Amino acid sequence: QVQLVESGGGSVQTGGSLRLSCAASGRSFSNYAMGWFRQAPGKEREFVAAISGSGDLANYADFVNGRFSISRENTKNTVSVQMLNLEPEDTAVYFCAGRVNSSPSSYAGDYQYWGQGTQVTVSS
């Protein structure tokens with residue numbers, strides 16, 4: 001069983017930055033692809049970014065447009081996403097997810113483990 005705990009959310013103004021981190025329990029962290037998803041009020045959960053188990057492959061949603069960067073440290077069982085130039089449309093609860101497969105996926109149904117989420121609020 002893998003437990004995921006996110007941290008780093010908060011409130012920023014437009015153009016600000018945040019770094020979200022996710023700490024994973026359990027063994028063989030490098031066997032898991034990790035992803036970030038988000039859900040805004042009244043909207044469906046959507047894909048943000050994902051990274052392979054080894055960290056050599058990353059995928060991003062189109063709306064990221066070069067503003068976010070996902071990374072992982074397998075020796076510390078952590079995955080992070082650095083978010084720059086935030087916009088009010090980025091306001092959402094951000095979730096960390098783990099997949100029992102080393103290949104990243106943009107499909108939420110491919111992930112077996114989920115964190116509780118961390119709130120990101122961007123004000124104009």
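All heavy atoms count here, side chains included; hydrogens, waters and symmetry mates do not. What you are looking at is a predicted structure, and each value in this text was computed from that prediction instead of being measured.
At least one cation-pi condition fails for R45 and Y111: the charged atom is not both under 6.0 angstrom from the six-membered ring centre and inside a 45 degree cone around its axis.
Between M34 and G98, the shortest heavy-atom distance links the atoms SD-CA, 3.6 Å. Shown here for S124 and P88, the closest heavy-atom pair between the two residues is CB-CG, 4.0 Å. When all heavy atoms are compared, the tightest approach of C96 to L4 is O-CD1, 3.7 Å. Across every non-hydrogen atom of S80 and W36, the tightest pair is C-NE1, 3.8 Å. Residues A92 and A40 approach most closely at CB-N, 3.8 Å, considering heavy atoms. Closest of all the heavy-atom pairs between F68 and Y60 is O-CE2, 3.4 Å.
By the 6.0 Å contact criterion, CD on Q3 is open, its count of non-hydrogen atoms from other residues, nucleotides or ligands being 12 or less. The number of heavy-atom neighbours closer than 6.0 Å to CD of E46, taken from other residues, nucleotides and ligands shown, is above 12. Within 6.0 Å of atom CD in Q112, more than 12 heavy atoms from other residues, nucleotides or ligands are found, so the atom counts as buried in its surroundings.
Using a distance-only test at 3.5 Å, with no hydrogens or angles considered, no donor-acceptor pair links the side chain of R72 to the main chain of G55. A donor-acceptor pair is defined here as one N or O able to donate and one able to accept, closer than 3.5 Å; no such pair exists between the side chain of S102 and the backbone of A33.
Partners of D62 according to the side-chain contact (heavy atoms from CB on, under 4.5 Å) rule, which considers only residues two or more places apart in sequence or in another chain, do not exist here.
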Using the rule given for side chain to side chain contact (heavy atoms under 4.5 Å, CB included), can you reason through Y113 versus V100, listing the C-alpha separation, both sets of side-chain angles and the distance that settles it, and then say yes or no? CA-CA 9 Å; Y113 302 103; V100 184; 3.7 Å; yes

- Test side chain to side chain contact (heavy atoms under 4.5 Å, CB included) on M83 and V120 and set out the steps. CA-CA 10 Å; M83 305 188 296; V120 171; 4.0 Å; yes

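Each of S69, S7, S71 was compared with R19 under the side-chain contact (heavy atoms from CB on, under 4.5 Å) criterion, and only S71 meets it.
Clustering ILVMFWY residues whenever any of their side-chain heavy atoms sit less than 4.5 angstrom apart, transitively, puts L57 in a cluster other than the one holding F29. Under the 4.5 Å side-chain heavy-atom criterion for Ile, Leu, Val, Met, Phe, Trp and Tyr, V64 and I51 are members of the same hydrophobic cluster. Cluster membership check: L20 shares its hydrophobic cluster with V122, using side-chain heavy-atom separations under 4.5 Å among Ile, Leu, Val, Met, Phe, Trp and Tyr. When the side chains of ILVMFWY residues are joined at heavy-atom separations under 4.5 Å, either directly or via intervening members, Y94 and F37 end up in two distinct hydrophobic clusters. Linking Ile, Leu, Val, Met, Phe, Trp and Tyr residues whenever their side-chain heavy atoms come within less than 4.5 Å leaves V79 and V5 in two separate clusters.
Here S30 contributes atom OG and N74 contributes atom CG; the two are 5.0 Å apart, rounded to the nearest 0.5 Å. For the atom pair CG of N65 and CD of E87, the computed distance is 8.5 Å after rounding to the nearest 0.5 Å. To the nearest 0.5 Å, the span separating CG on N101 from OH on Y32 amounts to 11.0 Å. Rounded to the nearest 0.5 Å, atoms CZ (R67) and CG (N85) are 6.5 Å apart. If you take OG on S52 and CD1 on I70, they are separated by 9.5 Å, rounding to the nearest 0.5 Å.
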